[in-house]
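Remarks on the structure that follows.
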Amino acid sequence: MAISAARERKLRKRFRLRDTDQDGYLTWDDFEATARQLVEGFALSPDAPRSRAVMDTYREFWQQFLVPMDTDGDGRVSEQEYLDAFAGGLMSDSSFDRVYRPHLDAVVRLADTDGDGVLSHAEFGRLMSMYGAAEADVTAEFDKADTNGDGQLSTDEILAVVRGFFLDDDTDTPGSRLFGKV
């Protein structure tokens with residue numbers, strides 16, 4: 001199964017953002033660096049429960065989602081392996097939610113600095129800036145994602161946006177600019 005050019009651009013952008021050391025491969029070190037950046041960005045101790053939850057879910061996400069993409073067994077995922085996995089249908093809506101939801105739950109709890117269970121525009125903006133998104137993209141995505149219009153994002157609303165980024169071929173749907181303009 002082929003993926004559209006638009007979806008390929010989104011996936012390539014996300015791959016480059018995840019490849020923290022810019023060596024052309026995704027490894028556990030890249031994921032660990034991102035998790036640590038989030039924890040440090042929210043000024044939490046690495047031993048805090050929310051910090052440990054993020055670190056744990058990043059490891060689980062790596063094991064469940066990325067390790068199967070490593071088709072040559074070298075312990076790292078090339079950009080081509082990443083694209084091939086999506087083209088091959090590795091992630092469908094149901095499997096995406098099953099693998100991504102626990103990860104997202106922990107990240108949302110980390111970013112939810114006031115503890116109300118949802119992300120305000122400011123909390124969402126702070127989180128997404130750590131992933132490299134510009135303020136204009138954050139605002140556009142927040143507005144698209146806030147489907148009930150309450151000025152806050154639930155984990156379900158964020159999951160729908162993230163799913164749209166990874167699985168939708170349309171570049172105008174919610175999630176298309178989640179990690180910046182494609």
Side-chain angles (χ1 to χ4, degrees), residues 3-42 51 54-70 74-87 90-91 96-97 99-108 110-111 119 121 123-142 144-145 153 155 157-182:
I3 56 176
S4 71
R7 187 169 173 210
E8 182 176 331
R9 284 192 309 274
K10 291 191 294 184
L11 292 171
R12 284 184 188 279
K13 179 173 186 79
R14 187 63 181 127
F15 182 92
R16 288 189 302 274
L17 289 171
R18 281 192 167 143
D19 182 13
T20 59
D21 60 10
Q22 299 300 299
D23 67 352
Y25 295 93
L26 298 181
T27 64
W28 165 242
D29 291 343
D30 294 314
F31 274 65
E32 184 178 39
T34 300
R36 287 190 192 287
Q37 176 187 348
L38 288 175
V39 167
E40 291 167 7
F42 283 97
S51 300
V54 166
M55 295 301 293
D56 290 348
T57 62
Y58 261 83
R59 179 163 299 280
E60 289 169 21
F61 187 70
W62 169 255
Q63 291 293 326
Q64 293 179 17
F65 186 51
L66 276 295
V67 169
M69 293 181 179
D70 178 20
D74 65 356
R76 56 193 189 165
V77 177
S78 70
E79 188 172 36
Q80 192 59 55
E81 286 173 316
Y82 187 76
L83 294 172
D84 289 347
F86 279 96
L90 175 67
M91 296 309 276
F96 184 86
D97 289 6
V99 172
Y100 210 92
R101 178 66 186 239
H103 170 70
L104 185 59
D105 285 340
V107 171
V108 167
L110 179 74
L119 296 187
H121 185 279
E123 291 167 331
F124 183 71
R126 184 175 177 191
L127 173 64
M128 294 315 299
S129 71
M130 291 181 205
Y131 287 115
E135 178 60 32
D137 294 320
V138 168
T139 297
E141 289 303 323
F142 186 92
K144 287 180 186 178
L153 297 181
T155 302
E157 288 171 316
I158 297 168
L159 182 62
V161 169
V162 174
R163 186 186 317 109
F165 178 86
F166 284 103
L167 302 180
D168 199 325
D169 290 331
D170 189 347
T171 57
D172 292 325
T173 59
S176 296
R177 291 174 52 184
L178 189 60
F179 301 104
K181 197 169 191 168
V182 180

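Computed from a prediction, not measured in an experiment: that's the story for all the values here.
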Open item on the list: Using the rule given for side chain to side chain contact (heavy atoms under 4.5 Å, CB included), can you reason through Phe86 versus Met69, listing the C-alpha separation, both sets of side-chain angles and the distance that settles it, and then say yes or no?
Closed with: CA-CA 9 Å; Phe86 279 96; Met69 293 181 179; 3.7 Å; yes

Task: Partners meeting side-chain hydrogen bond (donor to acceptor under 3.5 Å, both in side chains) with Gln22 (sequence neighbours left out) - done: none

Open item on the list: Checking Gln80 now: which residues fulfil side-chain hydrogen bond (donor to acceptor under 3.5 Å, both in side chains) with it, not counting sequence neighbours?
Closed with: Asp84

Sub-3.5 Å donor-acceptor pair from the side chain of [X] to the main-chain atoms of [Y], do we have one?
{"X": "Thr139", "Y": "Ala136", "result": "no"}
{"X": "Asp169", "Y": "Arg7", "result": "no"}
{"X": "Lys144", "Y": "Val161", "result": "no"}

Between [atom1] of [X] and [atom2] of [Y], what distance do you get to the nearest 0.5 Å?
{"X": "Ile158", "Y": "Phe124", "atom1": "CD1", "atom2": "CZ", "result": "6.0 Å"}
{"X": "Asp137", "Y": "Ser129", "atom1": "CG", "atom2": "OG", "result": "12.0 Å"}
{"X": "Leu104", "Y": "Thr155", "atom1": "CG", "atom2": "OG1", "result": "5.5 Å"}
{"X": "His121", "Y": "Met128", "atom1": "NE2", "atom2": "CE", "result": "11.5 Å"}
{"X": "Thr27", "Y": "Arg76", "atom1": "OG1", "atom2": "CZ", "result": "9.0 Å"}
{"X": "Leu119", "Y": "Arg126", "atom1": "CG", "atom2": "CZ", "result": "11.5 Å"}

I'd like a table of donor-acceptor pairs (distance under 3.5 Å, sequence neighbours excluded) in which one partner is a side-chain atom from residues 55-62, with atom names and distances.
| from | atom 1 | to | atom 2 | distance (Å) |
| --- | --- | --- | --- | --- |
| Thr57 | OG1 | Ala53 | O | 3.1 |
| Thr57 | OG1 | Val54 | O | 3.2 |
| Tyr58 | OH | Tyr131 | OH | 2.8 |

- [ ] Would you list the pairs meeting salt bridge (charged side-chain N to carboxylate O under 4.0 Å, His left out) in which at least one residue belongs to residues 16-34, sequence neighbours left out?
- [x] Glu32-Arg36

For residues [X] and [Y], determine if any side-chain heavy atom of one lies less than 4.5 Å from a side-chain heavy atom of the other.
{"X": "Thr34", "Y": "Met130", "answer": "no"}
{"X": "Leu153", "Y": "Glu123", "answer": "no"}
{"X": "Tyr82", "Y": "Leu66", "answer": "yes"}
{"X": "Leu127", "Y": "Val108", "answer": "no"}
{"X": "Phe96", "Y": "Val162", "answer": "yes"}
{"X": "Phe31", "Y": "Thr20", "answer": "no"}

Open item on the list: Quick check: closest heavy atoms across Gly75 and Asp70, and the distance to 0.1 Å?
Closed with: N-OD2, 2.7 Å

TODO: Can you see which heavy atom on Val138 is nearest to which on Gly125, and at what distance?
DONE: CG1-CA, 3.4 Å

Open item on the list: Is the distance from the ring center of Tyr100 to that of His103 below 6.0 Å?
Closed with: yes

Task: Counterpart residues, ring-ring contact (aromatic ring centres under 6.0 Å, His included), relative to Phe42 (two or more places apart) - done: none

Task: Qualifying residues under ring-ring contact (aromatic ring centres under 6.0 Å, His included), relative to Tyr25, sequence neighbours excluded - done: none

